[in-house]
Amino acid sequence: MPKIIKELRDKILFETKKELDLVGYDSLKLRNIANKCNIAVGTIYNYFTSKEYLVACILGEDWKCILDDSLEKIKLSLNFDEVIKVIYEAILSFYYKYKSLFESYSKTSDTTQTNFLSYHIMLRGQICELIDCGLKIHSLNCGEEETKISSELLLSCSMHQDIEFRLISKTIKKILEVNYE
């Protein structure tokens, strides 16, 4: 069994993130990452089963930071409108940060369709948790299905700039039966 060194795993992630920013997903080569880390390519596979998984780990770490930051902002929100805005902006910033990656990944990966649904459901669940937190902080109650639909609406509409945030917020408040402006 290979020896796993946390610092090396972090270095691989760091170098991959830099390379990903420079060349994009399509041109990302594990051989280049290995060279930058002064290791053999096979060593990367001791930490990450594939290029796809390595990139998914980077996305996961960034998304977790965004979730943590959003939760802190939600705790400080003055009303439920701010909660919706925080979540909307978080999704939007993540999407734009990795837009080119998502586009190239969907063109090149055979497993995209297989993994998409499970990733989507996971993201929707995390957004539900943020909405639930905001509802509790502002002493509002809502059903699980309404929260799920609202999180789906936020997830989908955040990436479509042809729908105004004001309309998204208004619709979510109707779904959740939140009756204040």
Side-chain angles (χ1 to χ4, degrees), residues 6 9-10 12-14 16-17 20-21 25 47-49 52-103 105-106 109 111-181:
K6 174 145 177 46
R9 182 184 189 280
D10 292 343
I12 294 167
L13 287 168
F14 177 77
T16 302
K17 192 171 189 173
L20 196 57
D21 288 343
Y25 183 79
Y47 296 85
F48 307 96
T49 57
E52 178 183 298
Y53 179 66
L54 174 56
V55 171
C57 288
I58 290 168
L59 295 176
E61 286 182 3
D62 279 358
W63 180 244
K64 183 181 179 332
C65 289
I66 287 172
L67 287 175
D68 292 345
D69 183 54
S70 297
L71 186 57
E72 291 307 310
K73 289 177 182 175
I74 288 169
K75 288 177 182 176
L76 299 172
S77 64
L78 300 176
N79 57 47
F80 194 71
D81 284 325
E82 285 185 22
V83 171
I84 297 169
K85 185 78 169 174
V86 163
I87 298 168
Y88 173 82
E89 289 175 349
I91 296 167
L92 196 62
S93 70
F94 186 76
Y95 172 71
Y96 279 117
K97 181 175 183 179
Y98 291 109
K99 184 179 180 183
S100 63
L101 171 72
F102 296 141
E103 290 169 353
Y105 175 76
S106 67
S109 176
T111 58
T112 300
Q113 295 304 318
T114 308
N115 293 331
F116 178 77
L117 182 59
S118 62
Y119 292 148
H120 186 85
I121 290 170
M122 179 188 68
L123 286 173
R124 187 176 63 207
Q126 292 168 332
I127 294 165
C128 278
E129 290 174 13
L130 290 175
I131 292 172
D132 284 339
C133 178
L135 289 167
K136 287 176 187 160
I137 286 170
H138 296 290
S139 303
L140 302 167
N141 294 315
C142 184
E144 185 178 324
E145 294 302 314
E146 290 83 0
T147 304
K148 191 182 290 185
I149 290 168
S150 297
S151 65
E152 184 66 38
L153 181 67
L154 266 171
L155 186 56
S156 298
C157 292
S158 295
M159 294 171 263
H160 300 284
Q161 292 301 290
D162 61 326
I163 303 171
E164 291 180 30
F165 173 76
R166 180 192 55 75
L167 180 59
I168 296 167
S169 180
K170 181 179 175 181
T171 305
I172 288 173
K173 289 188 297 186
K174 280 184 181 178
I175 292 168
L176 297 175
E177 297 178 352
V178 174
N179 297 317
Y180 67 87
E181 291 298 317

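None of the values given here were measured: they were computed from a predicted structure.
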*With a 4.0 Å cut-off, would you call Lys64 and Asp68 a salt bridge?*
yes
*Return each pair, listed once, that meets salt bridge (Lys or Arg N to Asp or Glu O under 4.0 Å) where at least one residue sits in residues 149-169; pairs must be two or more places apart or across chains.*
Arg124-Glu152, Glu164-Arg166
_Determine whether Val178 and His138 satisfy the following criterion, side chain to side chain contact (heavy atoms under 4.5 Å, CB included), listing intermediate values before the conclusion._
CA-CA 10 Å; Val178 174; His138 296 290; over 6 Å; no
*Does a side-chain heavy-atom distance below 4.5 Å link Ile131 with Val83?*
no
_Residues Glu61, Arg9: salt bridge by 4.0 Å N-O rule_ = yes
*Enter the distance from Leu101:CG to Lys99:NZ here, rounded to the nearest 0.5 Å.*
13.0 Å
*Compare all side-chain heavy atoms of Leu155 with those of His120 and state whether any distance is below 4.5 angstrom.*
yes
*Indicate yes or no: at least one non-hydrogen side-chain atom of Thr49 is less than 4.5 angstrom from one of Tyr53.*
yes
Only distances under 3.5 Å count here; give the side-chain donor-acceptor pairs of residues 139-148 to other protein atoms, sequence neighbours excluded, each with its distance to 0.1 Å.
from: Thr147; atom 1: OG1; to: Gly143; atom 2: O; distance (Å): 3.0

*Rounded to the nearest 0.5 Å, how far does SG of Cys57 lie from CG of Leu13?*
6.5 Å
*Rounded distance [0.5 Å steps], CD1 in Ile66 versus CG in Leu92*: 10.5 Å
_Note, Lys85 side chain near Phe80 side chain (heavy atom, < 4.5 Å)_ = no
*Shortest non-hydrogen contact from Leu167 toward Thr171*: O-OG1, 2.8 Å
*Evaluate the side chain to side chain contact (heavy atoms under 4.5 Å, CB included) criterion for residues Tyr25 and Glu52: first the C-alpha distance (whole Å), next the side-chain angles of each, then the deciding distance (0.1 Å), finally the verdict.*
CA-CA 9 Å; Tyr25 183 79; Glu52 178 183 298; 4.0 Å; yes
_Value rounded to 0.5 Å, distance of CG in Leu67 from SG in Cys65_ = 9.0 Å
*What are the two closest heavy atoms between Glu82 and Leu78, and how far apart are they?*
OE1-N, 3.0 Å
*Side chains of Leu71 and Val86: does their closest heavy-atom pair fall under 4.5 Å?*
no
*Is the closest side-chain heavy-atom distance between Ile58 and Trp63 below 4.5 Å?*
no
_Electrostatic pair Glu72-Lys75, nearest N-O below 4.0 angstrom_ = yes
*Under 4.5 Å between any side-chain heavy atoms of Ile87 and Ser70, yes or no?*
no
*Distance from Tyr96 atom OH to Ile91 atom CD1, nearest 0.5 Å?*
12.5 Å
*With rounding to the nearest 0.5 Å, note down the distance linking CG in Leu135 to CG in Leu130.*
11.0 Å
_Residues forming a salt bridge (charged side-chain N to carboxylate O under 4.0 Å, His left out) with Lys97, sequence neighbours excluded_ = Asp62
*Residues Lys73, Asp69: salt bridge by 4.0 Å N-O rule*: yes
*Partner set under salt bridge (charged side-chain N to carboxylate O under 4.0 Å, His left out) for Lys174, not counting sequence neighbours*: none
*Phe165: partners by ring pair (Phe, Tyr, Trp, His ring centres under 6.0 Å), with sequence neighbours left out*: Tyr88
*Using the test ring pair (Phe, Tyr, Trp, His ring centres under 6.0 Å), find all partners of Phe48 that sit at least two apart in sequence or belong to another chain.*
none
*Considering the options Ser151, Ser150, Cys157, which one meets the side-chain contact (heavy atoms from CB on, under 4.5 Å) requirement together with Ile172?*
Ser150
_Over all atoms of both residues, closest heavy-atom pair of Ile84 and Ser169_ = CD1-OG, 3.8 Å
